[in-house]
Number of protein chains: 2
Amino acid sequence: MSTRSRSARRPVGITEVARHAGVSPGTVSNVLNRPERVAEATRLRVEAAIAELDYVRNSSGSSLRSGRSESVGLLVLDVTNPFFAEVARGVEDEAAHSGLAVVLLNSAETRQRQRRNVRLLAEQRAAGAVVMPVDDDLSDLLWLSRQGTSWVALDRGDVSEDVGCSVSVDNHEGGLAAGRHLIGLGHERVTFLTGPSAIEQVRRRHQGLRAAFEEAGLDPDAAVRVVEQPLLNPGQGERAVDAVLAGGPKQRPRAVFCANDQLALGLMKGLGRRGLRVPEDISVVGYDNLDFADLVHPGLTTVAQPKYELGREAMRLLHSELNESGHLHERVLFTPELVVRGSTAAYRS
Amino acid sequence: MSTRSRSARRPVGITEVARHAGVSPGTVSNVLNRPERVAEATRLRVEAAIAELDYVRNSSGSSLRSGRSESVGLLVLDVTNPFFAEVARGVEDEAAHSGLAVVLLNSAETRQRQRRNVRLLAEQRAAGAVVMPVDDDLSDLLWLSRQGTSWVALDRGDVSEDVGCSVSVDNHEGGLAAGRHLIGLGHERVTFLTGPSAIEQVRRRHQGLRAAFEEAGLDPDAAVRVVEQPLLNPGQGERAVDAVLAGGPKQRPRAVFCANDQLALGLMKGLGRRGLRVPEDISVVGYDNLDFADLVHPGLTTVAQPKYELGREAMRLLHSELNESGHLHERVLFTPELVVRGSTAAYRS
DNA sequence: GTTGGGCATTGACACGTTTCAATCAGAGTG
DNA sequence: CACTCTGATTGAAACGTGTCAATGCCCAAC
């Protein structure tokens with residue numbers, strides 16, 4: 001191992017490797033990219049030179065020449081949200097499988113930052129992207145398509161097939177499942193604790209919930225009360241406890257369906273602080289099935305989304321879009337699944 | 001807005017912009033990189049052309065020419081861990097501040113994947129990297145330095161200044177604080193629930209805990225019992241309950257200090273399942289102060305790490321290493337802070 | 001012995017950008 | 001008017017790679 005330890009040496013390029021192996025640069029390039037086209041003997045000689053000189057390829061050079069880089073972007077709404085972390089893992093695993101590098105970019109829920117990140121992907125001539133759009137304005141994505149970078153929308157079911165692929169979970173079905181569960185336990189009135197109704201996902205969950213009541217022959221307008229918070233985080237859930245309990249003990253709801261687990265956990269904490277017990281006094285249902293849903297006491301009944309699979313499928317779709325020439329946009333819809341734990345109980349008068 | 005919507009057009013380059021503005025490519029480059037060197041009138045003309053043609057710069061070209069890209073890597077142990085998500089946010093915010101793009105890469109706790117990612121950074125000629133090394137073998141990082149990419153180590157205090165910068169939190173101090181707190185509550189025996197002692201961080205926390213007992217004139221060997229699990233996740237915490245309670249009710253520990261919050265939360269769940277109450281029967285202390293520590297019931301007493309600040313400071317250090325020529329490696333050490341919540345109570349015989 | 005075909009390799013160019021010495025225009029000075 | 005000085009602009013040369021037509025070689029077939 002006589003690696004020269006001069007800390008800043010000029011990096012060796014494909015040409016130097018070629019010289020060292022007594023071969024032309026083109027051949028070295030072939031060894032790297034289409035090894036089958038080069039004779040065994042020379043291939044070995046080149047590989048030896050590569051190892052000897054500790055050559056590392058310069059991806060700027062290659063993607064400049066080829067017009068495309070071989071990394072894909074993963075545009076996520078919020079790195080802090082455990083839901084996305086799991087999705088990211090799925091995307092990464094699948095990408096590694098097909099030899100693509102993933103760069104994770106965070107929109108921090110803001111439009112501006114999403115735009116900046118999309119632009120960054122265009123500048124890097126990314127091969128493709130898996131994107132969770134920050135709102136239903138898809139103009140950034142359409143622009144990205146025009147720049148020649150294709151994408152797959154994640155967790156947004158309302159993207160039509162003529163603009164792009166999408167992978168999502170059926171939110172209506174999830175709301176329906178939660179509603180049926182509560183109705184099955186005898187609850188005839190439910191509070192829906194949610195975020196801004198501008199978010200398509202939560203709107204659908206709400207519709208699903210209402211559909212469950214209709215299905216049971218109950219009037220959704222009378223049965224479902226909505227409490228809306230500006231954000232979907234635990235703090236907001238805790239703060240919402242006042243609004244949820246408004247109207248005094250007589251009016252107190254006996255079941256709350258929360259638009260996500262974070263709200264639900266916050267709410268449960270707030271309820272505990274008020275001396276109310278879950279599920280004896282109030283049943284709580286969440287959405288997402290974060291790891292922590294199983295760790296609180298009582299365990300949170302919630303609608304599970306196949307997060308990891310969501311990421312994998314998105315990446316798989318992107319991969320096919322990149323490789324198959326006659327690709328048609330697809331729309332994949334997963335079905336969520338209710339996980340019953342201790343936070344819900346039968347209605348008691 | 002007469003943007004041609006031909007879906008795949010050849011992207012416009014700096015030369016086409018130049019032609020369109022009646023100017024040389026070099027001038028366009030100057031407008032983009034050193035606007036002060038170009039006359040007001042031409043600058044406006046070029047900017048108009050850029051807007052008109054919807055030009056987006058090709059970063060492959062520029063980083064090929066300049067030899068360095070302007071993105072930095074963030075090598076994280078595990079995207080799934082909320083601790084890292086928070087750190088990532090800090091890194092991102094600070095990077096955005098200095099105009100650098102962050103690419104987040106996941107080592108998934110494995111050596112092999114770390115190596116792959118480090119190599120990727122080298123291939124991309126990344127300007128720098130913020131790295132959480134997967135173990136104490138720093139050879140990958142030294143190799144990266146030789147390739148001309150500088151880095152800052154995160155959350156690993158044992159990196160000497162002659163190899164690189166580092167930012168970390170004083171784990172010894174954290175263990176000490178937890179120990180003092182429990183001793184102050186009258187506990188004279190504590191179980192330390194931990195991960196593999198190969199991990200430097202948890203080793204230090206252990207030492208700190210022992211130091212607290214020594215300080216109080218108690219024999220650490222007698223006072224501290226260690227239960228070691230292979231991983232630091234909630235599942236392992238729940239599974240550990242058997243080992244923690246081994247020895248029957250008489251021997252049952254009255255206080256457990258966990259090497260991180262995830263273990264602690266898992267343990268609390270396991271204890272609940274056994275009908276033991278926290279803190280009445282057993283006090284529990286965690287480490288990290290994840291968001292969820294405040295959401296469980298009772299709230300988890302834990303040692304808080306300045307996660308976001310850790311990320312910011314690492315990025316700040318990297319930035320200075322990249323820009324200041326006479327840079328000397330630095331070692332920044334944050335002090336953790338004990339957050340007392342409901343999971344700890346005074347010893348009762 | 002000549003021709004043709006297949007395979008391995010070569011050489012040169014193009015990708016889009018930055019950089020830097022060289023040029024040019026114009027203003028100020030003697 | 002000749003000169004210099006300053007500041008703005010140009011032109012050409014790299015950076016490291018991939019591609020592709022062209023070349024060279026060897027063997028088989030006639």
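Protein chains get the first letters and strands the later ones, always in sequence-line order, with residue 1 at the start of each. No hydrogens, no waters, no symmetry mates; every other heavy atom, side chains included, goes into these values.
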Using atom CZ of R57(A) as one end and atom C1' of dC15(D) as the other, report the distance to the nearest whole Å.
16 Å
Could you note down all residue pairs passing salt bridge (Lys or Arg N to Asp or Glu O under 4.0 Å) where residues 67-78 of chain B supplies at least one of them, sequence neighbours left out?
R57(B)-E70(B)
Looking only at atom types and distance, does a side-chain atom of S160(B) sit under 3.5 Å from a main-chain N or O of D162(B), one as donor and one as acceptor?
yes
Report which part of the nucleic acid S66(A) touches: base, sugar-phosphate, or nothing (heavy-atom distance under 4.0 Å, all strands).
nothing
Would you indicate whether H327(A), at its atom NE2, is surrounded by more than 12 heavy atoms from other residues, nucleotides or ligands within a distance under 6.0 Å?
yes
Hey, is the side chain of R68(B) poking within less than 4.0 Å of OP1 or OP2 on dC15(D), counting only N and O atoms?
no
I'd like to know if the side chain of W151(B) and the backbone of L144(B) have a donor-acceptor N/O pair within less than 3.5 Å.
no
Please state whether the phosphate of dG18(D), meaning OP1 or OP2, lies under 4.0 angstrom from any side-chain nitrogen or oxygen of N33(A).
yes
Just by distance, do the side chain of R125(A) and the backbone of A122(A) share a donor-acceptor pair under 3.5 Å?
yes
Is the shortest side-chain N to carboxylate O distance from R316(A) to E313(A) below 4.0 Å?
yes
Reckon R125(B) touches a base, only the sugar-phosphate, or nothing at all at heavy-atom distances under 4.0 Å?
nothing
Could you give me the CA-CA distance, side-chain angles and deciding distance for V79(A) and L104(A), then say whether side chain to side chain contact (heavy atoms under 4.5 Å, CB included) is met?
CA-CA 9 Å; V79(A) 265; L104(A) 201 155; 3.7 Å; yes
Are the side chain of E86(A) and the backbone of K307(A) linked by a donor-acceptor contact shorter than 3.5 Å?
no
Between dG16(C) atom P and L53(B) atom CG, what is the distance in whole Å?
14 Å
CZ of R19(B) versus C1' of dG16(C): gap in Å, rounded?
13 Å
How many Å lie between CD on E40(A) and P on dC7(C), as a whole number?
17 Å
Can you check the L64(A) CG to dT19(D) P distance for me, whole Å?
12 Å
Apply side chain to side chain contact (heavy atoms under 4.5 Å, CB included) to R111(A) and D137(A), showing your working.
CA-CA 9 Å; R111(A) 189 66 182 288; D137(A) 181 351; 2.4 Å; yes
Could you write nucleotides 9-14 of chain D as a row of B, S and -, 5' to 3', where a protein heavy atom under 4.0 Å of any base atom gives B, of only sugar-phosphate atoms gives S, and otherwise -?
SB--BB
Whole-Å distance between dT17(C) C1' and E70(B) CD?
12 Å
When the C1' atoms of the five terminal pairs at each end define the local axes, what inter-axis angle does the helix from dG1(C)-dC30(D) to dG30(C)-dC1(D) show, to 10 degrees?
60°
Length of the CZ-C1' vector between R34(A) and dC7(C), whole Å:
15 Å
Whole angstrom is fine here: how far is it from CG in L32(B) over to C1' in dT18(C)?
11 Å
